[in-house]
Amino acid sequence: MNMKGKEILGKGRTRSDTTPLLGKHKQQHQQPHPKNRFHSSPSACSHSISSPLFLEMAAAISSASSSPTSHCNVFLGVDVGTGSARAGLFDEEGKLLGSASSPIQIWKEGDCIEQSSTDIWHAVCSAVKAACSLAKIDGEQVKGIGFAATCSLVAVDADGSPVTVSWSGDSRRNIIVWMDHRAVKQAEKINSRNSPVLQYCGGSVSPEMEPPKLLWVKENLQESWSMVFRWMDLSDWLSYRATGDDTRSLCTTVCKWTYLGHAHMQHINEKDSRDMEACGWDDDFWEEIGLGDLVEGHHAKIGRSVAFPGHALGSGLTPTAAKELGLVAGTPVGTSLIDAHAGGVGVMESLPEKENDNEAICHRMVLVCGTSTCHMAVSRDKLFIPGVWGPFWSAMIPEYWLTEGGQSATGALLDYIIESHVASPRLANHAASQKTSLFHLLNNILESMMRELQCPFIAALTEDTHVLPDFHGNRSPIADPKAKGVVFGLTLDPSEQQLARLYLAAVQAIAYGTRHIVEHCNANGHKIDTLLACGGLSKNALFIQEHADIIGCPIILPCESESVLLGAAILGAVAAKKYTCLSEALKALNAAGQVIHPSTDSRVKKYHDAKYCIFRELYQQQLSQRSIMAQALA
């Protein structure tokens, strides 16, 4: 996986977990989308396959206007993704006033992928100051702040200084990035224990979760293990760095640490949100897997207190953090969310018409599409689904159980497919000369091929090309981190047309993977019939249309494309008491933009049903081949 951490990408953003890793075209000063009501005809919020707007491919800064603003109440959302820290300022209607981003450094050596909390904080401060400057927002106008970040693991000592988690011994490298797969064996060891807590994460932990990573550090870096005073999810660390309050979020602890959030059901109706004593840790689990020392001191190293997302932390921004961010000391800071879950909060109520039925939300699934894709659905009752993370109580929407599926490489897969092809440099030069993106050119090539070859529809171009997208393992619903990717139908054709075919087949494979997740969830109690999409890949109309056709569900695209930043800002609005709870805030600040409907052509459905059967067979063939080779080497 090509991770060039310092490269600036995206219109108004750099590389992040909700932005694909590919693209170098720069375009400055993006106007934010207007807050329109939903409509299904082309509009300011529509996404044309041939439009450069379908994928954000511009510089690190965007701004709504060059004139001063007079907004009294502004809420700041910060999102730290895989390759950048971004900041967005929103008004009381959820409209983006301006945003900025700053790249962050990343080190990749084999399965080990690491970052620096010091570098990330500097990037956050830079992005926040730039956003405020460009939007002409004074620090005193910012009434609340929320942080969202990848579910990466941060190690700090008693003074808050970084502790290395790297074989290199480099103290800067104190973060194990979410997509790091060094702990596959530790995950297998933990899963062999069959602890009762595992039923709340699909029956097994993933190497992308925190317990396997913690066990890896203890087994391989004893000096670091003894030095660490706090182990934190990145979004919790950002809140801690801003406020000095190390209360953890129910989102991070429940989704990535095996914390049992439903231990706090009695607290949901309390009038005032507050930090709660962490009573949801299963001490037997930590003892069984060899991490019993994390139980000591009332779980001091992993979290003695937890809070619902949006709960106001400490006394707000510390004077030090306020000065670094260019804001005002005491500004409320909301308990954090994982970035994908912030995207869920920023889009879940983006419907054409607001629905008051509390069950209606249970028919939706949010796709947060970027480097990876997260698939999130909620239910009133807890649903245990093998191979799919959850059920997580109140981890995203208060009082609802969250089911979280995922694909570990989606935007990253498309980058790999394109960059590894011989025609890629040639296509990149064309994109640069036309001041557009590779994806824009590829989509145009596919449309031309469809006309020239007289294909009945664009998807039919891949009838002889099939892809299994598990290039970084399968997160859901198979939960096999050892799964490998497959490309079937390769030729010696070095043309841009053949690259476009491979790209389309990879897009379809990602959509087949999502169909597999949706079908699996529905077979186990969910009633998903509507998808909502956000993140970098959701700007690609071809990507979205293929998903709609393959899954057979309408897909809602919010008018506010920066859903993760909006979700983070909503945390700040709740912390500032602008809204009484998270549910009220997201209903008020989410706005629909456009619905993409599945094709009504029966031939399209028949075609994708056939390809989906092949897609499912590719993994079964891999299992058979794995067994044959294991026997040969026995």
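Positions are given from 1, in the same order as the sequence printed here. Just so we're clear, the structure is a prediction, and the values are computed from it rather than from any experiment.
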Is the side chain of [X] donor-acceptor paired with the backbone N or O of [Y] at a distance under 3.5 Å, no angle test?
{"X": "Ser476", "Y": "Gly406", "result": "yes"}
{"X": "His472", "Y": "Met179", "result": "yes"}
{"X": "Thr436", "Y": "Ala432", "result": "no"}
{"X": "Asn474", "Y": "Ile478", "result": "yes"}
{"X": "His421", "Y": "Ala423", "result": "yes"}
{"X": "Gln545", "Y": "Pro598", "result": "no"}
{"X": "Asp339", "Y": "Ala148", "result": "no"}
{"X": "Lys611", "Y": "Thr462", "result": "yes"}

Report yes if the side chains of Leu504 and Leu542 come closer than 4.5 Å at any heavy-atom pair, otherwise no.
yes

Side-chain donor-acceptor pair present, [X], [Y], cut-off under 3.5 Å:
{"X": "His430", "Y": "Glu496", "result": "yes"}
{"X": "Asn443", "Y": "Asn540", "result": "yes"}
{"X": "Tyr619", "Y": "Asp480", "result": "yes"}
{"X": "Ser235", "Y": "Asp233", "result": "no"}
{"X": "Arg616", "Y": "Tyr612", "result": "yes"}

Yes or no on side chain to side chain donor-acceptor pair (under 3.5 Å) for Ser599 and Asp601, after CA distance, side-chain angles and deciding distance?
CA-CA 5 Å; Ser599 171; Asp601 188 337; 5.2 Å; no

Donor-acceptor contacts under 3.5 Å from residues 376-386 side chains, at least two apart:
| unit_1 | atom_1 | unit_2 | atom_2 | d |
| --- | --- | --- | --- | --- |
| Ser379 | OG | Asp381 | O | 2.6 |
| Arg380 | NH2 | Tyr400 | OH | 3.4 |
| Lys382 | NZ | Tyr200 | OH | 3.2 |

Crowded around Phe457 CZ? As in, over 12 foreign heavy atoms under 6.0 Å?
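More than 12 heavy atoms, drawn from other residues, nucleotides or ligands, come within 6.0 Å of this atom.
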
side-chain contact (heavy atoms from CB on, under 4.5 Å) evaluation trace for His547 with Ile510
CA-CA 8 Å; His547 273 68; Ile510 292 166; 4.0 Å; yes

Strictly below 4.0 Å, N to O, side chains only: are [X] and [Y] in salt-bridge contact?
{"X": "Lys482", "Y": "Glu188", "answer": "yes"}
{"X": "Asp549", "Y": "Arg515", "answer": "no"}
{"X": "Arg182", "Y": "Glu109", "answer": "no"}
{"X": "Glu114", "Y": "Lys108", "answer": "no"}

Residues Lys606, Arg603; criterion side-chain contact (heavy atoms from CB on, under 4.5 Å); working and verdict:
CA-CA 5 Å; Lys606 182 179 179 181; Arg603 297 173 300 172; 5.6 Å; no

Run through His516, His375, Arg475 and flag the one making a side chain to side chain donor-acceptor pair (under 3.5 Å) with Gln407.
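The option that passes is His375.
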
Pairing residues for Ser152 by the side chain to side chain contact (heavy atoms under 4.5 Å, CB included) criterion, not counting sequence neighbours
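Per chain and number, Ser152 pairs via side chain to side chain contact (heavy atoms under 4.5 Å, CB included) with Thr150, Ile175, Val177, Trp178, Leu234.
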
Among Thr530, Leu532, Ile555, Ile528, which residue meets the side-chain contact (heavy atoms from CB on, under 4.5 Å) test with Met365?
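Going through the options one by one, the only one that passes is Ile528.
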
Can you list the steps and then say if Tyr503 with Gln508 is a side chain to side chain donor-acceptor pair (under 3.5 Å)?
CA-CA 9 Å; Tyr503 155 71; Gln508 292 169 340; over 6 Å; no

Using the side-chain contact (heavy atoms from CB on, under 4.5 Å) rule, take Val205 and Leu198 through it: C-alpha gap first, then chi angles, then the decisive distance, then the call.
CA-CA 7 Å; Val205 296; Leu198 298 183; 3.6 Å; yes

Classify the angle between the aromatic ring planes of Tyr512 and Phe615 as parallel (below 30°), tilted (30 to 60°) or perpendicular (above 60°).
tilted

